[in-house]
Amino acid sequence: MPVVHLIANQMVTPPLTTSPPLTTSPFLPTNSTLNPAAAAAVGFINDILNKIPLPLWAIYLIAVVGALLILLCCLCICIKCCCKKKKKKQQQKKNEKISMSDVNGKTTSALVQPDVADVDYGSTKKQRGKLLYSLDYNAAQSELNVGIKQADSLKAMDLGGSSDPYVKVYLCPEKSKTFETKVFKSTLNPVFNDHFSFQLSKASLLKSTVVMQVFDFNRFSKHNMIGELRLQLSSVDWNHVIEEWQDLGEPAKFEEEELGEICFSLRYVPSAAKLTVVILEAKNLKSMDMGGSSDPYVKVQLALDKRKWKKRKTSMKKTTLNPYYNESFTFDVTFEQIQRVNLVISVWDHDTMTRNDAMGKIFLGCEASGNQLRHWADMLSNPRRPVAQWHGLLTAEQVNSTLTLKKKIPLQSKLPFLKDR
């Protein structure tokens with residue numbers, strides 16, 4: 001207990017002693033409890049912590065957050081490595097699988113399927129699918145019959161992973177007739193069951209090649225070829241009917257003459273008996289002039305009962321292979337006549353000094369086939385609504401040999417129903 005002295009009636013209290021301030025961090029041990037090396041390290045850490053102008057809780061928080069970030073980065077790296085290994089194993093398993101769809105099908109004496117031994121494992125060649133066809137030659141009638149049965153595992157050409165396939169069939173080198181199957185929507189395994197006949201002598205048969213091309217149908221753009229087959233008929237055994245599967249090959253870049261494409265719309269109004277044809281545009285036409293261009297115009301012709309009936313033509317576009325027309329033509333055609341009418345669209349190159357040259361041709365109607373028949377059927381099934389579509393041009397010889405138009409229609413006096421001419 002302190003002693004209190006009374007001096008001149010005043011009470012004096014001795015001063016209190018204070019302890020020196022702490023110079024160590026509260027959560028680190030003091031130097032007295034560690035060996036000299038550890039004490040030096042602890043002292044260094046204490047000096048650094050004392051120089052940080054942050055409270056103790058902030059330092060704790062920063063340390064915890066840093067540790068969590070490091071753990072998160074390590075976890076992401078581990079997950080990525082595991083996913084990559086898993087994906088690699090799945091790809092290896094997928095490559096090891098053998099698709100048994102390549103050896104499915106009927107196994108009759110006249111049906112040939114690819115042998116399992118012929119499968120090209122690990123090949124980088126693009127698979128385009130395969131086609132089942134038949135060939136038969138009737139020597140007595142000089143007639144070649146080509147059957148397009150079905151296709152399987154076709155290459156997907158559309159964004160949705162499917163295609164709208166059809167098959168075009170013709171003979172080389174003449175290529176006088178071209179046939180097309182109907183279009184099948186959104187399938188890679190279409191069943192066609194179509195048959196086409198060619199009049200051909202035995203001598204011409206042995207010099208000919210049958211070409212079967214599988215296309216993907218597109219209404220508003222060029223039809224892309226999926227693949228094709230070319231068979232030399234001289235190497236075929238004609239003692240029996242041939243029916244076999246073959247893999248589609250890459251399209252040949254020779255022999256195929258590009259004549260261009262034309263886009264037009266059709267509209268038929270039964271109540272008014274009006275057929276309207278709008279020639280919209282053409283593209284990639286064949287160059288006919290010396291300068292590498294053409295002066296194209298379009299003829300629109302109606303044939304009734306395979307006789308020339310009515311015709312109109314567009315204006316001529318100077319020096320272009322991609323003309324734009326947007327010209328409309330309306331014809332009076334009754335509902336009874338529309339069943340017997342063929343529409344012939346032809347593109348011509350205008351020449352001032354010489355005769356105009358045919359650049360390409362196409363015909364539509366109930367006697368047409370393939371895309372042309374489809375366009376005509378769409379027009380009839382959608383009355384009063386315009387239906388537009390692109391068509392690839394054919395040679396005049398191909399169209400004329402199929403349509404075989406007669407010179408002109410008989411006099412109106414003999415056909416009174418034609419007074420609307």
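As the structure is a computational prediction, the values presented were derived from the model and not from experiment.
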Inset, instruction - For the pair Asp332 and Lys274, evaluate side-chain contact (heavy atoms from CB on, under 4.5 Å) and give the outcome as yes or no after the intermediate values. - result: CA-CA 5 Å; Asp332 294 327; Lys274 300 287 185 182; 2.5 Å; yes

Inset, instruction - Would you check, one step at a time, whether the test side-chain contact (heavy atoms from CB on, under 4.5 Å) holds for Asp136 with Val146? - result: CA-CA 7 Å; Asp136 181 29; Val146 181; over 6 Å; no

Inset, instruction - Show your working on ring pair (Phe, Tyr, Trp, His ring centres under 6.0 Å) between His391 and Phe363 and close with a plain yes or no. - result: CA-CA 10 Å; His391 293 272; Phe363 87 95; over 10 Å; no

Inset, instruction - Walk me through it: do Asp152 and Leu132 pass the test side-chain contact (heavy atoms from CB on, under 4.5 Å)? - result: CA-CA 8 Å; Asp152 186 60; Leu132 175 62; over 6 Å; no

Inset, instruction - Output, in order, the C-alpha distance, side-chain angles, deciding distance and verdict of side-chain contact (heavy atoms from CB on, under 4.5 Å) for Asp194 and Val167. - result: CA-CA 10 Å; Asp194 282 333; Val167 183; over 6 Å; no

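Put simply, the side chain of Tyr325 does not reach to within 4.5 Å of the side chain of Phe264, judged on heavy atoms. Counting only heavy atoms from C-beta outward, the side chains of Gln213 and Leu229 never approach each other to under 4.5 Å. Taking the side chain as every heavy atom from C-beta outward, Asn284 and Asn322 approach each other to under 4.5 Å. Proximity of Lys168 to Thr178: side-chain heavy atoms (C-beta onward) are separated by under 4.5 Å at one or more points. Looking at heavy atoms from C-beta onward, Pro165 lies in side-chain contact with Thr187 at the 4.5 angstrom threshold. In this structure, the side chains of Gln398 and Lys177 stay at 4.5 Å or more apart for every pair of heavy atoms. Residues Val210 and Val169 meet the side-chain proximity criterion, which asks for heavy atoms closer than 4.5 Å. Between Val191 and Phe184 the shortest side-chain heavy-atom distance does not fall below 4.5 Å.
Side-chain contact of Tyr133 with Gln246: a donor-acceptor pair under 3.5 Å is present, judged by distance alone. Under the 3.5 Å distance criterion, with hydrogens and angles disregarded, no donor-acceptor pair is assigned to the side chains of Ser369 and Glu180. Judged by distance alone, the side chains of Asp216 and Tyr166 never bring a donor and an acceptor atom under 3.5 Å apart. In this model, no donor atom of one side chain and acceptor atom of the other lie less than 3.5 Å apart for Ser163 and Asp158. In this structure, a donor-acceptor pair under 3.5 Å is absent between the side chains of Ser235 and Gln232. Using a 3.5 Å distance cut-off with no hydrogens or angles, the side chains of Glu327 and Ser315 do pair a donor with an acceptor.
Proximity of a side-chain donor or acceptor of Gln141 to a complementary backbone N or O of Asn138 within less than 3.5 Å is not detected. Side-chain N or O atoms of Tyr137 include one that pairs as donor or acceptor with a backbone N or O of Leu200 at under 3.5 Å. Distance alone, capped at 3.5 Å, is enough to place a donor-acceptor pair between the His375 side chain and the Val387 backbone. No donor-acceptor distance shorter than 3.5 angstrom exists from the side chain of Thr181 to the backbone of Phe192, with no hydrogens or angles considered. In this structure, Arg128 contributes its side chain and Leu248 its backbone to no donor-acceptor pair below 3.5 Å. Side-chain atoms of Arg340 never come within 3.5 Å of backbone atoms of Leu304 as a donor-acceptor pair (strictly under, hydrogens ignored). Counting only distance, with no hydrogens or angles, the side chain of Ser208 and the backbone of Ser204 share a donor-acceptor pair below 3.5 Å.
For the atom pair Leu373 CG and Leu364 CG, the distance stands at 8.5 Å (nearest 0.5 Å). Of the inter-residue distances, the one linking Asn371 atom CG with Gln389 atom CD reads 6.0 Å to the nearest 0.5 angstrom. Annotation: the span from Met379 atom CE to Arg267 atom CZ amounts to 11.5 Å, rounded to 0.5 Å. Interatomic distance, Ile279 CD1 to Tyr324 OH, rounded to the nearest 0.5 Å: 12.5 Å. Put simply, CD1 on Ile362 and CD1 on Ile262 are 8.5 Å apart, with the number rounded to the nearest 0.5 Å. To the nearest 0.5 angstrom, Ile345 atom CD1 is 7.5 Å from Leu266 atom CG.
The shortest non-hydrogen separation linking Pro270 to Phe335 is CB-CD1, 4.4 Å. Considering every non-hydrogen atom in both Ser287 and Ser293, the closest pair reads OG-N, 3.2 Å. Looking at every heavy atom in both residues, Leu285 comes nearest to Glu261 through CD2-O, 4.3 Å. The shortest non-hydrogen separation linking Leu321 to Gly292 is CD1-O, 3.8 Å. Nearest heavy atoms, Val341 versus Trp376: O-CZ2, 4.0 Å. Taking both residues in full, the closest heavy atoms of Asn193 and His195 are given as O-ND1, 4.2 Å, listed atom of the first, atom of the second, then distance.
Judged by the 6.0 Å and 45° rule, Lys310 forms no cation-pi pair with Phe331. Stacking of Lys313 on the aromatic ring of Trp348 is not recorded, the 6.0 Å distance cut-off and the 45° axial limit not both being met.
With sequence neighbours left out, the ring pair (Phe, Tyr, Trp, His ring centres under 6.0 Å) criterion links Phe217 to His223.
The only option from Asn342, Val344, Leu275 that meets the side-chain contact (heavy atoms from CB on, under 4.5 Å) definition with Leu302 turns out to be Leu275.
Between Lys283 and Glu281 there is no salt bridge, since none of the side-chain N atoms of the basic residue sits less than 4.0 Å from a carboxylate O of the acidic one. We find that Arg219 and Asp378 are joined by a salt bridge, their nearest charged nitrogen and carboxylate oxygen being less than 4.0 Å apart. Between Lys317 and Asp295 no salt bridge is recorded (no basic side-chain N to carboxylate O distance below 4.0 Å). Between Asp247 and Lys130 there is no salt bridge, since no side-chain N of the basic residue sits under 4.0 Å from a carboxylate O of the acidic one. Using a 4.0 Å cut-off between a side-chain N of Lys or Arg and a carboxylate O of Asp or Glu, Lys306 and Glu367 qualify as a salt bridge.
For the salt bridge (charged side-chain N to carboxylate O under 4.0 Å, His left out) condition, no pair includes a residue of residues 64-76, sequence neighbours left out.
A ring-centre distance under 6.0 Å is found for Phe179 and Phe198.
Atom NZ of Lys182 sits in a crowded spot, with more than 12 heavy atoms from other residues, nucleotides or ligands closer than 6.0 Å.
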